[in-house]
Amino acid sequence: MSLSPTNPSPRILVFDSGVGGLSIVHEIQQKLPFVPLIYVSDNAFFPYGTKGEAELISRVDAVFHKLTETYAVDIIVVACNTASTLTLPHIRSHFSQPIVGVVPAIKPAAAQSKSQVIGLLATPATVARPYTHNLIREHAPNADVISVGSSELVQLAEKKLRGEKISSQQIRPILQPFFDHPRGDEMDALVLACTHFPLLRDELRIQFPAHVQLIDSGEAIARRVVSLLGDRKFAEQAPEHLAVFTKASPAVTALQPQLAQFGIHNLDILEV
Ligand code: DGL
C-alpha cells in the first residue's frame with residue numbers, strides 16, 4: 001500500500017510498548033525534523049517481551065484499531081522488535097497504511113563482523129521467535145550468535161528515561177552470559193534488538209571492549225520512512241507532535257519533561 005501523493009502533511013505513528021520507540025523517534029527526527037509524529041506507548045500492556053504470542057497479536061490488533069479510528073494516520077512504524085517479529089503479517093493484512101517494522105539488525109551485523117561471533121541482545125520473546133531464528137539462518141548462516149534475552153534491561157531503560165541513573169552493577173549481570181560464553185571474547189558486533197536498548201547505549205558501551213560495535217535498526221528505519229514520504233516538502237517550523245498512552249499513570253506524568261526533549265508537548269490518554 002502506498003501513501004497518497006495528494007496528502008501534503010502525512011502523520012507518522014511510531015508505536016512501542018513503552019519508551020523504547022523514542023530511540024526510533026530520535027532517528028526519524030534526525031532526517032525529518034519538520035514531520036509531525038504521533039508517539040504511542042501501549043503502557044497499559046507493557047512489557048511486551050514477557051507476553052504470550054496469541055495475547056500479544058490480539059492486543060496489538062485492538063490497539064491499532066482504536067488508534068486508526070481515533071487519529072488520521074498515514075504511516076505506521078512498529079518501533080518494537082518484540083511486536084514486529086510476531087505481528088507484522090497480521091498488521092499488514094488488516095490495516096491499509098504502509099507499515100514499517102523494526103526487526104533485529106542481524107544482516108548488517110553479519111556483514112560487519114570479522115570474527116562472525118555476534119551478540120544478540122533483545123527481549124526474552126524476541127530471542128525465542130522463529131522470525132529471529134530465520135533472520136539468523138538467512139543472513140548469518142556462518143556466525144555464532146550469542147543470544148541474551150532480558151526484560152530487566154527494558155525496565156532499566158524506562159527508569160533512565162525518567163531521570164534515574166543506571167549503574168554498571170545493574171547492567172553487568174544481565175550481560176554476563178556474553179562474557180561466560182566460550183567464544184564471548186571473539187564477539188565484535190552486538191545487535192541491540194530492542195528499541196529500548198539504544199537509550200542505554202552509553203551504559204552498554206562501557207561494558208564491552210572498543211572493537212565491539214553496537215548495532216541497531218534505528219537509522220535504517222528512518223531511511224525507510226524518508227523513502228515512503230518521497231519528495232514531499234514540509235513547512236520549516238516546529239511540528240505539533242503528540243504522545244498517546246493507553247493508561248494514565250504517575251509514570252506518564254513523570255515522563256513529560258523527557259517527551260519535551262523530543263519536541264513532544266501534547267499528551268493524550270486513549271484507553272484500550
Ligand atoms: N521496545 C520493545 C522492543 O523493541 C520491547 C519492550 C517490552 O518488552 O515491552 O522489543
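Owing to the predicted nature of the structure, the values given are computational and were not obtained by experimental measurement. When a ligand or atom number is given, it counts from 1 through the structure's own listing order.
The heavy atom nearest to atom 1 (N) of ligand 1, considering only Lys51, Gln155, Glu158, His196, is found in His196.
Between Arg223 and Glu27, none of the side-chain N atoms (NZ, or NE/NH1/NH2) sits under 4.0 Å from a carboxylate O, so this pair counts as no salt bridge.
For ligand 1, the atoms closer than 4.0 angstrom to any heavy atom of Phe46 are 9 (O). Close contacts between ligand 1 and Thr123 involve ligand atoms 5 (C), 8 (O), 10 (O) [criterion: under 4.0 Å to a heavy atom]. Taking every heavy atom of Gly49 and a limit of under 4.0 angstrom, the matching atoms of ligand 1 come to 7 (C), 8 (O), 9 (O). Each of the following atoms of ligand 1 lies closer than 4.0 Å to a heavy atom of Thr82: 3 (C), 5 (C), 10 (O).
By the criterion of a heavy-atom distance under 4.0 Å, the side chain of Ser17, and not its backbone, is placed next to ligand 1. Counting heavy atoms under 4.0 Å from ligand 1, residue Thr195 touches it through both backbone and side chain. With a 4.0 Å cut-off on non-hydrogen atoms, Asp16 touches ligand 1 through its side chain and not its backbone.
In Glu55, the CD atom is crowded: over 12 heavy atoms of neighbouring residues, nucleotides or ligands sit closer than 6.0 Å.
Aromatic ring centres of Phe15 and Phe64: separated by under 6.0 Å.
Close to ligand 1: Cys80, with a non-hydrogen atom less than 4.0 angstrom away.
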Hey, mind stepping through Arg129 and Glu53 against salt bridge (charged side-chain N to carboxylate O under 4.0 Å, His left out) and telling me if it holds? CA-CA 10 Å; Arg129 293 252 194 271; Glu53 298 199 342; 3.3 Å; yes
